[in-house]
Protein chains: 4
Amino acid sequence: MLRRDKPKFKQIIDAAVVVIAENGYHQAQVSKIAKRAGVADGTIYLYFKNKEDILISVFEEKMGSFIEKIEQEIAGISSPLEKLYVLVKKHFESLAADHHLAVVTQLELRQSNKELRHRINDVLKRYLRIIDEIVKEGIEKGEFRRDLDIRLARQMIFGAIDETVTTWVMNEQKYDLVALANPVYELLTKGCASS
Amino acid sequence: MLRRDKPKFKQIIDAAVVVIAENGYHQAQVSKIAKRAGVADGTIYLYFKNKEDILISVFEEKMGSFIEKIEQEIAGISSPLEKLYVLVKKHFESLAADHHLAVVTQLELRQSNKELRHRINDVLKRYLRIIDEIVKEGIEKGEFRRDLDIRLARQMIFGAIDETVTTWVMNEQKYDLVALANPVYELLTKGCASS
Amino acid sequence: MLRRDKPKFKQIIDAAVVVIAENGYHQAQVSKIAKRAGVADGTIYLYFKNKEDILISVFEEKMGSFIEKIEQEIAGISSPLEKLYVLVKKHFESLAADHHLAVVTQLELRQSNKELRHRINDVLKRYLRIIDEIVKEGIEKGEFRRDLDIRLARQMIFGAIDETVTTWVMNEQKYDLVALANPVYELLTKGCASS
Amino acid sequence: MLRRDKPKFKQIIDAAVVVIAENGYHQAQVSKIAKRAGVADGTIYLYFKNKEDILISVFEEKMGSFIEKIEQEIAGISSPLEKLYVLVKKHFESLAADHHLAVVTQLELRQSNKELRHRINDVLKRYLRIIDEIVKEGIEKGEFRRDLDIRLARQMIFGAIDETVTTWVMNEQKYDLVALANPVYELLTKGCASS
DNA sequence: GATGAATGAGAATTCATTCAT
DNA sequence: CATGAATGAATTCTCATTCAT
């Protein structure tokens with residue numbers, strides 16, 4: 001039985017998200033997470049190698065299902081432009097639907113040390129590859145400009161989406177993030193310049 | 001005499017950048033910074049209130065002169081599009097010219113706690129306002145699309161630039177960042193879509 | 001289970017008394033106390049909030065049982081004069097029996113900061129109230145002079161006892177403190193003047 | 001020229017009393033005393049060997065003139081009982097007249113380390129010897145009880161006076177200390193017991 | 001599998017004192 | 001005589017991890 005299918009594994013992951021969101025990364029002690037999950041401190045170490053492993057697992061689990069959802073959503077779409085639109089929209093929807101998770105991914109987990117962030121980036125790569133695919137397909141199908149550097153296009157797309165979400169979180173999620181999907185999509189596809 | 005004009009202040013700031021870049025944020029002990037700066041530990045506290053004050057000052061000093069440089073560069077330019085191009089180029093040039101600083105601003109200082117990051121954001125705001133001005137002027141002069149949401153455009157521009165630099169730093173600065181100024185500018189202005 | 005009933009709590013308290021007596025208040029580092037108590041430094045903090053809490057607890061524990069002992073001893077005595085005599089005698093006996101404790105209460109704990117001394121005074125108040133009761137009862141029963149100011153009488157009694165013990169401690173406990181109980185009692189009751 | 005006759009010596013002593021009274025013993029840094037005295041930090045060390053030397057000098061200077069005053073006052077008195085009364089009265093008057101000094105001698109200087117307190121005790125000895133002389137003379141002249149242990153009588157007298165002043169200081173000097181001279185004198189001479 | 005008491009390494013900061021000017 | 005910038009030693013407390021029960 002995989003650890004991720006055991007109930008306590010999920011309990012601890014979920015507790016970690018809440019504890020980090022409520023207390024901040026540096027105040028998210030293992031004992032706090034254990035208490036919130038309703039298990040003993042030592043029990044954590046039956047499911048996770050160490051604290052870092054909890055944090056990575058948080059990202060893997062949450063980001064993983066997030067990525068899967070998006071992969072499914074865009075699977076049946078043929079137009080790369082529409083795929084990009086759906087990706088932006090689903091990205092915003094997912095984080096708008098889980099405020100705790102949004103705080104954790106946009107603010108708290110970024111305070112982790114260099115190594116942890118490199119490992120988080122590995123998880124992210126799967127997401128970035130989806131964007132790469134959309135861009136590549138877009139070029140092939142003629143919907144995207146032919147002279148695009150795929151990597152740079154992906155960085156702009158991800159950077160813009162990410163910055164938009166982070167600004168929204170730092171503004172305490174006061175406005176409607178999902179409503180920004182369309183204008184962000186317009187910006188990404190048409191750019192700033194008047195044509 | 002302002003503390004920032006005293007030679008030891010600069011010594012310590014510069015030592016801090018190197019120490020943080022080489023050891024990482026969490027391994028940048030005050031004693032290490034002092035040693036590198038060639039002063040006693042206690043001397044640090046004649047120029048800085050506490051360790052956090054060193055870190056904020058690093059950002060203020062470096063980012064401050066960075067912003068000033070860009071303000072001067074674009075001051076004499078009349079075309080907002082050209083201003084945007086110069087901003088991207090100077091941004092890349094500045095960080096490419098100081099590898100230590102690039103590591104510190106893109107990776108290390110982001111692991112600071114929430115309060116420190118909020119104070120860092122205050123410094124950043126000045127930079128974001130420059131972008132806002134360019135966008136606003138661009139719309140007025142007809143070079144930028146009329147229907148742009150200024151805040152979103154700024155988020156895309158900053159997000160794309162920042163993501164590009166961060167990716168470059170995480171790839172250990174293996175390729176030529178400055179060479180990306182033009183394609184990034186093209187992306188930001190024309191977008192991904194074929195017209 | 002109250003912390004004061006746990007064996008390690010007592011271990012640490014007792015270690016603190018010895019370490020403070022032997023090294024002095026300002027040289028009684030937490031690590032020294034831990035080592036003497038045979039526990040890890042961190043274990044201290046499972047039983048005490050901080051270092052100050054150890055010191056207050058030392059006083060509360062030791063002074064507490066000291067006060068209880070005296071309360072019990074005088075409970076069955078009907079004559080206030082005899083109560084006073086027993087109080088002086090027990091006070092001297094208690095401190096003569098524990099040289100370390102005598103050094104700690106008479107010399108070392110008095111170097112604590114104002115806040116700690118105020119909290120120590122709270123414990124002392126219970127002792128001072130016992131003296132007050134003896135004086136009050138003595139006046140009512142006609143054994144003490146009718147015109148006594150209770151508070152002043154208490155201050156003289158406590159001041160004389162305390163000064164006697166402190167002088168004894170500062171003279172390195174070279175003479176027999178308990179033997180002074182009778183002459184001190186005589187002084188307190190009859191005064192200096194020939195009648 | 002003796003250092004104690006130089007104006008800066010007195011300036012620094014007086015500044016020390018005020019700084020200690022207002023900030024407490026542990027917050028009375030040399031730099032604070034220097035600032036208050038209107039001299040540079042380094043100047044302190046032209047007049048005092050080290051910080052401890054300042055504190056002892058404070059006690060010597062202030063207690064010295066205090067003792068001299070009392071010696072003069074009782075010099076012309078022939079009755080030992082009256083001498084005792086005057087001593088108590090002058091003791092209370094002196095401290096009631098200088099609230100800062102009262103706080104320093106009764107509370108703050110007692111937080112000093114063991115060595116400093118031993119040296120302070122040397123200064124006190126001169127005062128204690130005055131009391132001894134009064135008691136001895138009192139016994140010889142038949143005004144004091146013949147069976148007195150001089151040392152113990154002195155400890156009671158000093159202990160009672162000191163405790164009375166300390167209680168008054170800890171109660172923030174809310175009531176009239178000098179008015180207590182008479183009842184304290186009565187207590188010391190006649191004791192608590194009804195005759 | 002589950003517990004939770006015990007462990008112990010690691011770092012920012014203060015302030016008395018010096019000494020070149 | 002006077003200055004004040006510079007020095008550097010010294011200590012509490014936290015919290016991830018272990019392991020006996």
Side-chain angles (χ1 to χ4, degrees), chain A residues 1 3 6-8 12 26-35 37-55, chain B residues 1 3 6-9 11-12 26-35 37-55, chain C residues 1 3 6-9 11-12 26-35 37-54, chain D residues 6-8 26-35 37-55:
Chain A
M1 188 184 197
R3 70 173 188 173
K6 295 182 182 172
K8 289 208 173 156
I12 294 167
H26 289 292
Q27 282 306 305
Q29 291 88 351
V30 172
S31 60
K32 243 181 220 163
I33 296 173
K35 190 173 222 174
V39 300
D41 293 17
T43 305
I44 297 270
Y45 291 87
L46 299 174
Y47 295 89
F48 299 89
K49 219 173 76 234
N50 49 35
K51 186 179 179 182
E52 190 174 86
D53 190 26
I54 309 175
L55 303 175
Chain B
M1 190 183 194
R3 72 172 189 174
K6 294 182 183 172
K8 294 222 164 136
F9 179 80
Q11 264 176 55
I12 295 167
H26 289 292
Q27 281 306 306
Q29 291 88 350
V30 172
S31 60
K32 247 181 219 165
I33 297 173
K35 191 173 228 175
V39 300
D41 292 18
T43 305
I44 299 270
Y45 293 88
L46 297 177
Y47 295 89
F48 301 90
K49 222 172 69 236
N50 49 36
K51 187 180 177 182
E52 190 175 86
D53 190 28
I54 308 176
L55 304 175
Chain C
M1 189 183 197
R3 72 170 188 176
K6 295 183 182 170
K8 294 221 166 140
F9 180 80
Q11 266 175 53
I12 295 167
H26 289 293
Q27 281 305 306
Q29 292 87 349
V30 172
S31 60
K32 249 182 215 160
I33 297 173
K35 191 174 227 174
V39 300
D41 292 19
T43 305
I44 299 270
Y45 293 88
L46 297 176
Y47 295 89
F48 300 90
K49 223 172 68 235
N50 50 35
K51 187 179 177 182
E52 190 175 84
D53 190 28
I54 308 176
Chain D
K6 295 180 183 172
K8 288 206 174 156
H26 289 293
Q27 282 306 306
Q29 291 88 351
V30 172
S31 60
K32 243 182 219 162
I33 296 173
K35 190 175 222 175
V39 300
D41 293 16
T43 305
I44 298 269
Y45 291 86
L46 299 173
Y47 294 89
F48 299 89
K49 219 173 76 234
N50 50 34
K51 185 180 179 181
E52 190 174 86
D53 190 27
I54 309 175
L55 303 175

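Quick note on labels: first sequence line is chain A, next is B, and so on, each numbered from 1.
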**Q.** Between CG on residue A/Asp53 and CZ on residue A/Arg3, distance to nearest 0.5 Å
**A.** 4.5 Å
(Q) Does F/dC1 have OP1 or OP2 under 4.0 Å away from a side-chain N or O of D/Lys6? (A) yes
(Q) Can you give me the dot-bracket string for DNA chain F, 5' to 3', counting Watson-Crick and G-U wobble pairs with both distances under 3.5 Å, using [ ] for crossing pairs and | for partners on another strand? (A) .||||||||||||||||||||
Q) Could you state the CD-C1' distance from C/Gln29 to F/dA10, rounded to the nearest angstrom? A) 9 Å
**Q.** Gap between atoms CD and C1', on C/Gln11 and E/dA5 respectively (whole Å)
**A.** 13 Å
Q. How close or far is atom P of F/dA16 from atom CG of A/Asp53, stated in whole angstroms?
A. 14 Å
Q. Quick one: on DNA chain F, does C/Ala28 or B/Ala40 contact a more 5' nucleotide (nearest heavy atom)?
A. B/Ala40
**Q.** Reported NZ-to-CD distance for the pair C/Lys35 and C/Gln29, which is rounded to 0.5 angstrom
**A.** 11.5 Å
Q) Given atom NE2 of D/His26 and atom P of E/dA16, what is their separation to the nearest angstrom? A) 12 Å
Q) Nearest heavy-atom pair of A/Ala28 and A/Ile33: which atoms, and what distance? A) O-CD1, 4.1 Å
Q) What is the distance from CD1 of D/Ile33 to C1' of E/dT17, rounded to the nearest Å? A) 14 Å
Q. Atom CZ of B/Phe9 and atom CD1 of B/Ile44: how far apart are they, to the nearest 0.5 Å?
A. 11.0 Å
Q) Roughly how far apart are C/Tyr45 OH and C/Ile54 CD1, rounded to 0.5 Å? A) 6.0 Å
Q) Hey, does C/Val30 reach any base, or is it just sugar-phosphate, or nothing, if we go heavy atoms under 4.0 Å? A) sugar-phosphate
Q: Of all the heavy-atom pairs spanning C/Gln27 and C/Lys32, show the shortest one and how long it is.
A: O-NZ, 2.9 Å
Q: Pull out every residue in residues 41-51 of chain C that has a heavy atom closer than 4.0 Å to any atom of DNA chain E, ordered by number, or say none.
A: C/Gly42, C/Thr43, C/Leu46, C/Tyr47
Q: For D/Lys8, answer base if it contacts any base atom (sugar-phosphate contacts may also be present), sugar-phosphate if it contacts only those atoms, and nothing otherwise; contact means non-hydrogen atoms under 4.0 Å.
A: sugar-phosphate
Q) Taking CZ from B/Phe9 and P from F/dA5, how many angstroms apart are they, rounded to a whole number? A) 16 Å
Q) Okay, side chain of D/Lys51, backbone of D/Val30: is any donor-acceptor separation there less than 3.5 Å? A) no
Q: Identify whether any heavy atom of D/Lys35 sits under 4.0 Å from a base atom; if not, whether one sits that close to sugar-phosphate; answer base, sugar-phosphate or nothing.
A: nothing
Q) Whole Å only: how far is the CD1 atom of A/Ile54 from the C1' atom of F/dT17? A) 11 Å
